[in-house]
Amino acid sequence: MAKEGFFICVEGLDGCGKTTQAKILVNRLKRKGYDAVYTAEPSSGRIGKFIKEYCLHGGKRLSSVVEALLFAADRFEHVEKEVIPDLEKGKIVVSDRYVYSSLAYQGAAGLDLGWIKMVNEHALKPDLAIFIDAQPEIVMQRLKPKKSVMENLETQLKVREVYLKFVESGELVKVDGNKSKQEVAEEIFSLVIRSLAKTNI
Ligand code: TYD
C-alpha cells in the first residue's frame, strides 16, 4: 500500500506552548525512527509573510472577513506547496496551527463558523487535531509585552470557548496545557503514538 503520511495539527491560545510542544513532538518522533517535519501557519510562503508583516502587528485588526480570507488563502498555499508533498513522501507533518485557528480566532471575532468552514472546505482534513488547553489568564501573563493584535484577555477567552466547542464535537482532542512542559509533551506523544498505531504508517 502506498505510504500516505500522517497529518497532525497543534492548536491553542497564543502563549499556550504549542510551538514548543509541536517541535518537541517532531524531535521525539524522529528519535523513534519516524520521518517527521514541523511546519506552521501563518506559513513561510508569500501570503503567510504578508499576514505576519501587515496584519498581526501594530494598528487595529483587519475586518474578520478579510482575516479569514487571508488565512484561508495562506492555508491553501501551505497545503499545496508543503503539506501534501511531504505527506506524499510518507512523512508525519506537524502543523503549528491550522484550520481550527481560523474557526477559533475569526469565529471569536464574530464570524459565522459555517462560513469559515466553507471558505476552508478545500483544506485537507488532519488525521489528528490537538488542542493544548491553557488558562487564558495564565497565557496572557506569559505574553507580556503584547505581541500581536490578537493578544488581549477578552479575545483569548472567546477564542478558548470556540476551541472547546470543537473538543465537544470530537474534532479536537484536548490536552491539559496547565501541566509542566514535560508532562504536556508526554501526553501529546502518547496520544500521537496511539493514533499512529491505528494507521499503516
Ligand atoms: P502564532 O502561532 O502566534 O504565530 P507566531 O508564533 O509567529 O507569533 O500565530 C499568529 C496569530 O495568528 C495568532 O494570534 C493566531 C492568529 N491566527 C488567526 O487568527 N487565524 C488563523 O487561521 C491562524 C492560522 C492564525
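Here the structure is a predicted model, which is why all the values come from computation and not from measurement. When a ligand or atom number is given, it counts from 1 through the structure's own listing order.
Using a 4.0 Å cut-off to heavy atoms of Tyr105, the atoms of ligand 1 that qualify are 14 (O), 15 (C), 18 (C), 19 (O). For ligand 1, the atoms sitting less than 4.0 Å from at least one non-hydrogen atom of Met150 are 14 (O), 19 (O), numbered in the order shown with element in parentheses. Those atoms of ligand 1 with a heavy atom of Leu56 less than 4.0 angstrom away are 10 (C), 11 (C), 12 (O).
With rounding to the nearest 0.5 Å, the separation of CG in Leu113 from OG in Ser102 is 11.0 Å. The CD1 atom of Ile188 lies 4.5 Å from the CD atom of Gln21; values are rounded to the nearest 0.5 Å.
Using a distance-only test at 3.5 Å, with no hydrogens or angles considered, no donor-acceptor pair links the side chain of Glu11 to the main chain of Lys18.
The single protein non-hydrogen atom nearest to atom 16 (C) of ligand 1 is Phe71 CZ, 3.9 Å, given as residue, atom name and distance. The protein atom (non-hydrogen) at minimum distance from atom 2 (O) of ligand 1 is Arg97 NE, 2.8 Å. Nearest non-hydrogen protein atom to atom 4 (O) of ligand 1 is Pro42 CD, 4.4 Å. At the shortest separation from atom 3 (O) of ligand 1 among protein heavy atoms lies Asp14 OD1, 3.1 Å. Shortest contact from atom 8 (O) of ligand 1 to any protein heavy atom: Lys147 NZ, 3.3 Å.
Residues Arg28 and Glu186 are paired through a salt bridge, judged by an N-O separation under 4.0 Å between the basic side chain and the carboxylate. Residues Glu154 and Lys158 are paired through a salt bridge, judged by an N-O separation under 4.0 Å between the basic side chain and the carboxylate.
Heavy-atom contacts from other residues, nucleotides or ligands closer than 6.0 Å to CZ of Arg142 number more than 12.
For the residues Arg75, Lys18, Gln106, the heavy atom positioned nearest atom 19 (O) of ligand 1 is part of Gln106.
In terms of heavy-atom proximity, Ala36 sits nearest to Val26 at O-CG1, 3.7 Å.
Residue contacts with ligand 1, taken as heavy atom pairs separated by less than 4.0 Å, do not involve Lys52 at all. Here Asp74 has no heavy atoms under 4.0 Å from ligand 1, in either its backbone or its side chain.
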Original post:
Run the side chain to side chain donor-acceptor pair (under 3.5 Å) check on Asp14 and Tyr105 step by step: do they pass?
Top reply: CA-CA 11 Å; Asp14 301 275; Tyr105 283 79; 2.7 Å; yes
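Put simply, no part of Glu67 is less than 4.0 Å from ligand 1, judged by heavy atoms.
Residue-to-ligand polar distances place Ser102 within reach of ligand 1: an N/O pair is separated by less than 3.5 Å. For ligand 1, the polar-atom distance check finds no N/O of Glu41 at less than 3.5 Å from any of the ligand's N/O atoms.
Proximity of the aromatic rings of Tyr34 and Phe6 is defined here by a centroid distance below 6.0 angstrom, and this criterion is not met.
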